[in-house]
Structures are given as structure tokens and as C-alpha cells.
Amino acid sequence: MQAIILAAGMGRRLGEYTKENTKCMVPVNGIRLIDRLLGQLSQLGLARVVIVVGYKGQELKDYIGHRYDDVLKIDYVDNPVYDKTNNIYSLSLAKEQLQEDDTLLIESDLIFADRLFRMVLDDKEPNVALVAKYESWMDGTMVRIDQDRNIVNFIPKKAFRYEDADQYYKTVNIYKFSREFSRDVYVPFLEAYCHALGNNEYYEQVLRVITLLDRSDLKALDIGQEKWYEIDDVQDLDIAETIFTSGEDLWRNYSRRYGGFWRFPQLLDFNYLVNPYFPSHRMLQELKASFDVLLTSYPSGMGVNSLLAGKYFGIRQQYVVPGNGAAELIKAVMEHQTGKVGVVYPTFEEYPNRKPDEVEIMVPQNADFSYSVDDVMDYFGAHPVRTLLIINPDNPSGNFIAVDKLKELAAWCRGRDMMLIVDESFVDFAEGYPMNTLLRNDILEANPNMMVMKSISKSYGVPGLRLGVLASANEELIRSVRRDVSIWNLNSFAEYYMQIFGKYTADYDVACRKFMEERRRFGQELRTVSFLRVIPSQANYFLCEVDKRISSSQLAIRLLRDANILVKDCAYKKAFEGKNYVRIAVRNRQENDRLVAALRALDTK
């Protein structure tokens, strides 16, 4: 068995990274692709490795030098016209070598798990293409396969149909060819194809022609959940560095992205917090039906969108500001506050981070981080502040304060000329829904010193729309915040979502009640994991104390490494110093059970 590596391309889309080097010289987490690849090949007992070089070929040869002489015999083939040809020509230059032995054919811009080579070598079929089920990040040649693993056909970019995407597999660009297949089938077709269509094509086009034969002898091997990535541009490089991070940086590399996890379809995200049961399928279908017109149309301005936001929550238009996510409104609100801000920690830190030098911190002195309105009034009665912040339910503790007690707190604050900010982004998850909200005209009007913030992302399950609202009967405050945000701060999709929401309120009620049932069940399942202490929660997450057998950071890393599951390690949040806590979102039953199974697997080790 030998390996042929195609490494002649220029890699223009990688910009500065390939200005002085070919693509396989690009480092991923400090290790160059070529070193990773040659290191993997050195474990296979190969007769030789043939590298087809072109752009910066001499630099690549010089870099490799004799460093692998004791484990690999490396030969080179030069493509002098790499800038005028494509990889079909590079492979044709190595056609003699290709016919001399069974071959692993590999493109040099790949990074993949070590196990892939062993998978393809252990497969009993002599001619195998590694493939992966199509995911949204994939580009290039796709294939269809039948139940016997035969590749039915190769699908080039121009023939790709999104409506058929669930039937597609992406070629991983790692192949195993027998000597006989190369000699009797592939090379003859390669020569004929180049003669007929020229050298500016892809070698997989030859395989496409071969699959049209009654018997092609080329089988597909699905790599399943094994990790791999093809690096064509700087974003590919960024994603690859996240996927292939190891050790303590693994969790941090995902967390510092602050979302965008649709780029990692195999990742199960128990970090970010959304309703798993809303929007309903019918609502999604209505949004999809209007996609084209919404994408190509300007949204309305603040006047219309504040009207829609008021209609959404049943409050007066002049009391509400819609935001491009609650984060936009939090920034505007906190910039208006003067004097100290009272905050109960641990909490959602977007608010206090806006005024880090003017925060008065209360930390509940119990292991559940629970507190009551009386606790809050006792503490901030002794430590006066200008503004008091309450997250209800709190994040990450899940601590919940009933609406009547919040009205008492608002009255207490009003008597002390204190502004009260209540963030109720998670309140629809609390028992007693829908009576827990402060977004009512009578409550707002009775408490003009109170602002109510609500992220629509969380309980309504639409974080991609970036929607939030701020409400207050203090109309001057509302006008001031409106002046601070852009007149077109919402996109057309968010506007349309608010417009149609009223038709789906019954679906939303069902989703919230279904969620509460699943939270109860999931909480019981989590309590069967011996190293977790699950804290009662009225939100869509559980704060869990991790016992001393494993730290919260170790737990987060092992779940991500072993099960591709992301949870929130609270060791980095204030008030958790030296304590082991994780926050676990509540998702749907199937996903929750997958997490419980991963936790139980760790429980047995």
C-alpha cells in the first residue's frame, strides 16, 4: 500500500496564509497540515508516499527534508503548470506510480480524525471512497449511494439540488484504489478524459464517468460522526481550529464564538437557551413561504415595529421599544443609568458588565443561590443603590420571584426613588404561566420607576431573529431609548414574525406547557447522575453542582470531547470562584436523554 498526496494547488482563498506557502503548510492549532498528515501516514506501514507538488513546491520539499526518513519513503512529482491546470492534471502526472501499488489518494487541504485511515484500510472492499452525510457547511462534489454502498452517481456543483440534499453525501477526498482498479479502469479513463476535455478539471469527474458503468467497483464508506474538515478559506481554518482543539482550550474555543453553532451540525448545544417546542411547524412554514419577499424588502422603521411589539405583548405602543435582541436595549438602558446598580450574583452579566465600576453586589449565602424579595430589600436597604436589577427567573440559578412579590419590590423601590429593572426573558417557563409577566399596562402604569426587559429569543425559540423588547410607562425614558437605537434596527424577518405571531398564541401555550412537563422529567433524570446535585429551577435550564470527583471544567471538556455536547461551565462566572457548577439547558426529550446517557457513561468511569 502506498499514498499519493495532491499538494500542487495555490490556495488563493486562504489569502495571507498561502502567500508564501502551499495550503498543506498552513498550521491548524500550531501543527501544519502536512505534518499532521505525514504523522498519520507514518503509522500505517506504507511502502511509500508520493507527493505531487506545484505552487511553492521547493519550499515544501525543503520543509519536509529528511525528517520522516526513518518512517516514510517520500517521493515527489512536480506539476510545473499548477497555475494553469487543476488536480486532474496533478494526478495524471502520477499515473505511473498510481498503477504500481494499492493506493490511498488524499488531498492535502484536509484535517481529519486519525481513525479514518484505519477505517478505509480495514474495509474489505478494494476500492472505497470515504463519504460524509451532507451538512450545510459542505461544498464541492456530492454523491448518492444505494443500500449496498454503491456510488450511484457523482453530483457536481452545478447539478446540486437543495430539495434533494437529504440524499447526498460529500466526498471526504480520501480514496482507496486497488492496483488493478487504477491500472485497468481509472487510469485509462483518466487519460481519455484529459484528452477529450483538457487538464483544467477535477479527478473526481473521472470517477463520475466510471460510476455510469454497469459495474464500477467503487464503494462508499460513511464516516459517521468522525471529525473532518476541508480547509479552503480563512473561515474554514477558524472552524477547523475549533473542532480539532484538545485539552482545556476545547470548551473555551466553542464558548468564545457566542453562538453560530449551526456551523457545527453534530454539536449538541446545552449552553444557549431557547424553547425547544416553538415556533410550531406551521409558523415555520409561513415564514419560509415569505422568505423571498422578506429577503429582498426593506423593513419598517421604529414607528411600525413598536406598534407590532405592543400588539405582540398587549401593551401600549408608547410604552415599548423593540430591539435587535435584548442586548441592544441593555446597552442603551445601562448607559442611561447613573449611580450604583444593585445586582444579585450569580446572574446574567450583560447588565453589570456595562457599568463594572458602579455595581453593588449581593451574593446569596446558600448553595442554591436562592433569594427572596425580603432578602433583596434587606441587603439593598443597607447598601443603597440608584438602580436595582432583577433577572426573573435568574440566570443561572433559576431562582423565581412571583409577580405579586415583584410588585411589592417595585413599590419599595419607588419609595426610595430607585429605578427597578426586571428582566423576565425566562418567565414564560415558570409554573403559573401566563400570569407571571409584568408586561401589562396596569402594572407598568402603577410603577413608572420600573423597566421590564424581555428577550424574545429565549422562550419563543427564535434567537436568529435577534428580537427583544423594553417596556415602561415612563414615556420619556422610552423616547430616549428609541433615539439611541437605529430607526431600522429590526430586519424584515423579525418584523414579519411579530406581525404573524398572534395567529400562533395557542401553539405557544402548548409549547410552554409541553416544556414544563419535559423539564420535570429531565430534572428527575439528571438527579440519577451521582456526581450532580440538581438545583430546582423555574427557567429552561438547571444549575447543577458537580461533586469533587470531577471539576466543572473537566466535566464540560469531557462532554464536548467524548459526546460532542456543550454545557455551560460556570467556573468562569462571578460568585462561583472555587466552586463546581455547570448550567444545563433543557432541550427536547431525545436530546435530553442523549445528555443523560453521556453523563451516566462518565458516572461509570
Side-chain angles (χ1 to χ4, degrees), residues 299-338 350-351 386-392 401 403-415 417-428 433-460 462 465-490 494-495 497-502 505 508:
S300 302
M302 178 61 71
V304 171
N305 283 322
S306 60
L307 177 67
L308 289 172
K311 182 186 80 165
Y312 192 109
F313 291 105
I315 57 179
R316 295 188 173 91
Q317 175 184 5
Q318 61 267 32
Y319 292 169
V320 64
V321 185
N324 182 15
E328 178 186 44
L329 301 173
I330 291 169
K331 178 179 182 295
V333 163
M334 295 307 289
E335 288 175 351
H336 281 275
Q337 304 312 305
T338 58
E350 184 71 18
Y351 291 90
R386 185 71 184 86
T387 303
L388 177 60
L389 170 68
I390 297 293
I391 311 293
N392 191 50
I401 299 173
V403 65
D404 287 343
K405 300 301 292 184
L406 284 174
K407 288 193 283 187
E408 286 182 24
L409 182 61
W412 182 82
C413 290
R414 187 168 66 250
D417 194 26
M418 188 185 300
M419 181 65 72
L420 174 64
I421 302 173
V422 179
D423 187 317
E424 60 169 51
S425 294
F426 303 101
V427 79
D428 292 355
Y433 164 83
M435 303 307 296
N436 298 320
T437 182
L438 297 171
L439 290 174
R440 287 170 35 192
N441 288 323
D442 59 332
I443 294 177
L444 295 173
E445 289 163 357
N447 300 283
N449 64 309
M450 181 176 70
M451 291 179 275
V452 180
M453 189 79 71
K454 189 175 183 74
S455 164
I456 292 177
S457 299
K458 276 66 169 183
S459 55
Y460 297 92
V462 288
L465 293 182
R466 305 307 306 133
L467 264 175
V469 293
L470 171 70
S472 176
N474 184 335
E475 295 184 39
E476 177 54 39
L477 170 67
I478 294 298
R479 286 193 292 270
S480 179
V481 173
R482 286 181 182 176
R483 288 192 294 267
D484 284 349
V485 300
S486 168
I487 189 174
W488 282 302
N489 66 331
L490 302 188
E495 177 184 346
Y497 165 83
M498 289 196 296
Q499 178 176 310
I500 67 173
F501 172 75
T505 53
Y508 182 63

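The model shown is predicted, which means the values in this text are computed figures rather than measured ones. These values consider heavy atoms only, across backbone and side chains, with no hydrogens, waters or symmetry-generated copies.
The backbone N or O of Ser300 sits less than 3.5 Å from a side-chain atom of Glu495, completing a donor-acceptor pair. Using a distance-only test at 3.5 Å, with no hydrogens or angles considered, no donor-acceptor pair links the side chain of Arg440 to the main chain of Gly314. Checked by atom type and distance alone, the side chain of Asn392 never pairs as donor or acceptor with a backbone atom of Val422 at under 3.5 Å. In this structure, Arg466 contributes its side chain and Ala494 its backbone to no donor-acceptor pair below 3.5 Å.
Atoms CG and CD1, on Leu409 and Ile401 in that order, are 7.0 Å from each other to the nearest 0.5 Å. The distance from the CG atom of Asn474 to the CZ atom of Arg479 is 8.5 Å, given to the nearest 0.5 Å. To the nearest 0.5 Å, the span separating CD on Glu350 from CG on Leu329 amounts to 11.0 Å. Rounding to the nearest 0.5 Å places CD1 of Ile315 at 9.5 Å from OG of Ser472. To the nearest 0.5 angstrom, Arg386 atom CZ is 9.0 Å from Met418 atom CE. In this structure, Leu467 CG and Asn489 CG are separated by 9.0 Å, a value rounded to the nearest 0.5 Å.
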The test is side-chain contact (heavy atoms from CB on, under 4.5 Å); show your working for Arg316 and Leu444 and say whether it passes. CA-CA 10 Å; Arg316 295 188 173 91; Leu444 295 173; over 6 Å; no

If you apply the rule salt bridge (Lys or Arg N to Asp or Glu O under 4.0 Å), what do you find for Glu476 with Arg483, and how did you get there? CA-CA 11 Å; Glu476 177 54 39; Arg483 288 192 294 267; 3.4 Å; yes

One pair to check against side-chain contact (heavy atoms from CB on, under 4.5 Å): Gln318 and Ile478. What are the steps and the verdict? CA-CA 7 Å; Gln318 61 267 32; Ile478 294 298; over 6 Å; no

Asp428 and Lys454: CA distance, side-chain angles, deciding distance, salt bridge (Lys or Arg N to Asp or Glu O under 4.0 Å) verdict: CA-CA 10 Å; Asp428 292 355; Lys454 189 175 183 74; 3.5 Å; yes

Any chance you could lay out the side-chain contact (heavy atoms from CB on, under 4.5 Å) test for Tyr433 and Tyr508, step after step, and finish with the verdict? CA-CA 11 Å; Tyr433 164 83; Tyr508 182 63; 3.3 Å; yes

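When all heavy atoms of Ala326 and Ser455 are compared, the closest pair comes out as CB-CB, 3.9 Å. Smallest separation of non-hydrogen atoms from Gly310 and Val320: N-CG1, 3.8 Å. Listed here is the closest heavy atom pair of Val427 and Asn436: CG2-CB, 3.5 Å. Lys407 and Asn447 make their closest contact through O-OD1, 4.5 Å (heavy atoms, listed as atom of the first residue, atom of the second, distance). When all heavy atoms of Ala471 and Leu439 are compared, the pair lying nearest together is CB-CD2, 3.5 Å. Contact between Ser306 and Arg482 at its shortest, heavy atoms only, is CB-NH2, 3.5 Å.
Inter-residue side-chain proximity for Pro322 and Met302 is flagged as met; some heavy-atom pair is nearer than 4.5 Å. Leu406 has its side chain out of reach of Met450: every pair of non-hydrogen atoms, C-beta onward, lies at least 4.5 Å apart. In this structure, Met451 and His336 have side chains that are not in contact, with every pair of non-hydrogen atoms separated by 4.5 Å or more. For the pair Tyr497/Tyr312, a side-chain contact is recorded, criterion being any heavy-atom separation below 4.5 Å from C-beta on. Using a 4.5 Å cut-off on side-chain heavy atoms (C-beta onward), Tyr351 and Asp423 make contact. Using a 4.5 Å cut-off on side-chain heavy atoms (C-beta onward), Leu389 and Thr387 make no contact.
Within a 6.0 Å radius of CH2 in Trp412, other residues, nucleotides and ligands contribute more than 12 heavy atoms.
Taking the six-membered ring for Trp and the full ring otherwise, Phe501 and Tyr460 have centroids separated by under 6.0 Å.
Checking each of Ile330, Val481, Ile421 against Leu470 for a side-chain contact (heavy atoms from CB on, under 4.5 Å) leaves exactly one that passes, namely Val481.
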